[in-house]
Amino acid sequence: MSDPKDFTHFGLDPLILSAITEMGYATPTPIQAKAIPIVMKGLDVMGAAQTGTGKTAGFALPIIQKLLPHASASMSPARHPVRALILAPTRELADQTADNVKKYIAKTPLRCALVYGGVDMDPQTAALRSGAEILVATPGRLLDHLQQKNTSLSQVQIVVLDEADRMLDMGFLPDISRILNLLPKQRQSLMFSATFSEEIKKLAANFLQDPQLIEVARRNATADNVTQEVVKLHESEKVAALLELLSTRGPDGGRLTQVLVFVNAKIECRRLARQLQKAGINADAIHGDKTQDERMKALEGFKTDTIEVLVATDVAARGLDIVELPVVINYDVPFAAEDYIHRIGRTGRAGMSGLTIMLMTGSEERAVAAIEKLTKQKFEIRTLQLTRPAHAERSERSDRPARRDAMERRPDRAYSPAPPVDDFFSRPYEPGVSTVGEQPPPPAQPGPVAGKEKPVRVAALLGGVKR
Ligand code: AMP
């Protein structure tokens with residue numbers, strides 16, 4: 001008898017079931033319970049789900065089930081055309097998705113290939129040329145391979161746009177529309193997004209047919225199982241406050257390990273990681289200037305606990321898959337309120353409880369208000385009693401001239417916001433034309449200006465934290 005609380009009632013092949021059992025999946029997550037039957041039926045899906053909810057298996061398992069009748073043990077590439085395409089915004093997310101898919105198909109003859117930018121094309125070309133039914137790709141690099149005729153999308157039956165909001169943020173819309181123009185019109189389309197802007201709705205309207213809406217969290221809402229704290233302080237107290245939190249907010253009031261700390265700019269990312277290292281903490285930084293190898297190495301160190309604190313910018317951290325991440329600290333309030341949702345989505349994943357603490361200076365109050373509006377909640381703003389004087393751990397950046405500081409605090413983004421959706425869907429594919437990375441940087445966003453605010457007296461101690 002199949003049990004609706006486990007995976008047996010979805011009609012998945014025993015080869016898939018045995019692979020996920022080995023991975024330790026016993027109970028479907030809410031998005032899996034909703035998405036698997038719908039995708040199996042061949043319907044289009046608009047999924048409102050963050051990374052960490054189990055959405056990858058939610059779309060991948062039924063896709064694999066649908067492709068199984070085409071599985072071939074033949075070595076011939078012609079027997080392994082691309083039948084499912086999964087587009088992801090970042091190398092990290094693409095890597096993690098492909099990693100999961102490869103585990104799900106491990107017992108079947110299906111193949112999965114992975115392509116993303118910033119690394120040598122040759123090994124990817126070899127994988128594409130030997131054939132793979134499931135292709136996980138970032139848009140720009142996929143277009144490069146298509147231009148070089150390393151693969152074809154003419155037999156794609158199912159396409160997934162994963163983290164669609166982030167792909168639009170990153171200016172991938174032109175690339176995505178070119179790719180979609182190359183797909184057969186008769187296909188199943190799935191789109192997942194953590195947030196719902198007008199652009200996302202337009203993309204969905206253009207890309208999906210009568211989509212089934214699957215929601216596992218409220219739109220633009222933050223995970224219920226994440227306790228969110230906001231601490232108000234002066235810019236010069238930030239480093240000391242961070243050190244205090246790191247040494248006192250671990251289990252039983254001890255040291256925290258595996259903490260992801262978000263900052264808004266690359267330069268801060270490097271600087272803060274250095275300051276933490278000086279304070280005896282195993283810290284590393286990941287930001288847009290780091291190579292793929294460096295990012296992967298830092299991530300690996302973080303996952304295996306050799307790195308206690310990973311300081312990251314939004315772009316670099318996108319798609320990080322660390323299942324049991326207990327704490328996320330927003331060292332800076334994000335410029336864009338939607339980034340807050342993505343940032344805290346790194347904790348409280350797959351039903352685990354999480355804690356997120358955001359440090360807020362006076363000049364960041366408006367950005368916090370924007371987050372409250374977006375997430376429809378009111379933060380209780382707390383203050384933090386520092387046991388070490390702030391000046392002993394002075395933030396390097398507070399010692400810098402304000403102008404230089406403002407220049408260096410530009411967001412870690414080398415792209416502009418995506419242009420309107422409609423324009424791109426009507427355009428034909430132009431081989432080799434990839435606009436990502438060629439656009440001018442975005443206009444300066446409002447951010448805190450160093451040296452403009454008066455110090456805030458820190459009085460009470462953080463308390464009353466739900467754990
Ligand atoms: P995702 O949101 O797809 O990135 O998944 C987040 C993490 O949860 C991944 O590490 C998955 O391997 C894991 N996961 C997904 N589904 C389940 C499940 N049903 N049971 C346990 N872990 C899961």
Side-chain angles (χ1 to χ4, degrees), residues 10 12-13 15-20 22-23 25 32 35-36 38-40 42 44-45 47 51 54-117 123-139 141-143 145-146 150-164 167 176 179-180 182-184 186-192 319 321:
F10 292 122
L12 295 168
D13 191 278
L15 294 176
I16 304 174
L17 289 176
S18 119
I20 59 172
E22 278 179 24
M23 290 174 75
Y25 295 11
Q32 290 162 2
I36 294 173
I38 293 175
V39 180
M40 290 274 250
D44 281 9
V45 165
T51 294
K55 72 174 155 56
T56 312
F59 63 74
L61 299 180
I63 288 177
I64 293 164
Q65 178 65 37
K66 288 163 79 86
L67 298 187
L68 265 184
H70 302 285
S72 165
S74 161
M75 291 302 285
S76 162
R79 303 299 299 273
H80 300 275
V82 178
R83 297 184 190 276
L85 172 66
I86 301 169
L87 290 177
T90 62
R91 302 175 259 199
E92 284 83 2
L93 182 65
D95 193 40
Q96 282 151 21
T97 302
D99 200 41
N100 279 333
V101 169
K102 282 176 188 166
K103 288 178 185 152
Y104 304 147
I105 59 174
K107 294 173 194 286
T108 78
L110 291 170
R111 299 177 183 175
C112 173
L114 166 66
V115 304
Y116 52 72
Q124 298 176 358
T125 303
L128 289 174
R129 292 204 165 153
S130 42
E133 287 82 0
I134 303 173
L135 174 56
V136 184
T138 54
R141 177 53 66 94
L142 175 58
L143 281 173
H145 282 292
L146 288 166
N150 294 334
T151 189
S152 158
L153 302 181
S154 64
Q155 295 198 56
V156 169
Q157 302 164 10
I158 309 171
V159 59
V160 182
L161 293 193
D162 199 4
E163 300 202 353
M167 288 205 272
I176 291 171
I179 292 166
L180 296 180
L182 295 174
L183 302 179
Q186 194 68 9
R187 60 164 196 257
Q188 184 179 10
S189 305
L190 319 175
M191 183 163 134
F192 292 86
D321 179 32

Does the side chain of [Y] come within less than 4.5 Å of [X]'s, by heavy atoms?
X: Val159; Y: Leu190; answer: no
X: Ile158; Y: Leu85; answer: no
X: Ile86; Y: Phe59; answer: yes
X: Leu110; Y: His80; answer: no
X: Thr138; Y: Thr90; answer: no
X: Ile64; Y: Ile134; answer: yes
X: Leu161; Y: Met167; answer: yes
X: Glu163; Y: Leu93; answer: yes

Atom [atom1] in [X], atom [atom2] in [Y]: separation rounded to 0.5 Å?
X: Glu92; Y: Thr97; atom1: CD; atom2: OG1; value: 11.0 Å
X: Ser72; Y: Arg79; atom1: OG; atom2: CZ; value: 4.0 Å
X: Leu12; Y: Leu68; atom1: CG; atom2: CG; value: 9.5 Å
X: Leu142; Y: Thr151; atom1: CG; atom2: OG1; value: 7.5 Å
X: Gln155; Y: Leu183; atom1: CD; atom2: CG; value: 12.5 Å

TODO: Apply side-chain hydrogen bond (donor to acceptor under 3.5 Å, both in side chains) to the pair His70 and Glu133, showing each step before the final yes or no.
DONE: CA-CA 9 Å; His70 302 285; Glu133 287 82 0; over 6 Å; no

Side-chain ([X]) to main-chain ([Y]) donor-acceptor, under 3.5 angstrom:
X: Gln157; Y: Gln188; value: no
X: Arg111; Y: Lys102; value: no
X: Asn150; Y: Leu128; value: no

Nearest heavy-atom neighbours spanning [X] and [Y]:
X: Gly58; Y: Ile36; result: O-CG1, 3.7 Å
X: Ser154; Y: Pro184; result: O-CG, 3.2 Å
X: Thr125; Y: His145; result: OG1-CE1, 3.4 Å
X: Gln65; Y: Pro69; result: O-CD, 3.5 Å
X: Cys112; Y: Ala132; result: C-CB, 4.0 Å
X: Met40; Y: Pro62; result: CG-CB, 3.7 Å

TODO: Check the pair Ile16, Asp13 against side-chain contact (heavy atoms from CB on, under 4.5 Å), reporting the backbone distance first and the verdict last.
DONE: CA-CA 5 Å; Ile16 304 174; Asp13 191 278; 4.2 Å; yes

Open item on the list: Any salt bridge linking Glu22 with Lys103? Criterion: basic side-chain nitrogen under 4.0 Å from a carboxylate oxygen.
Closed with: no

- [ ] Specify whether Tyr25 and Tyr104 have parallel, tilted or perpendicular ring planes, treating 30° as the upper limit for parallel and 60° as the lower limit for perpendicular.
- [x] perpendicular

TODO: Walk me through it: do Leu87 and Val160 pass the test side-chain contact (heavy atoms from CB on, under 4.5 Å)?
DONE: CA-CA 6 Å; Leu87 290 177; Val160 182; over 6 Å; no

Open item on the list: What verdict does the side-chain contact (heavy atoms from CB on, under 4.5 Å) test give for Ile179 and Ile176, after you've listed the backbone C-alpha separation in whole Å, the side-chain angles of each residue and the deciding distance to 0.1 Å?
Closed with: CA-CA 5 Å; Ile179 292 166; Ile176 291 171; 5.6 Å; no

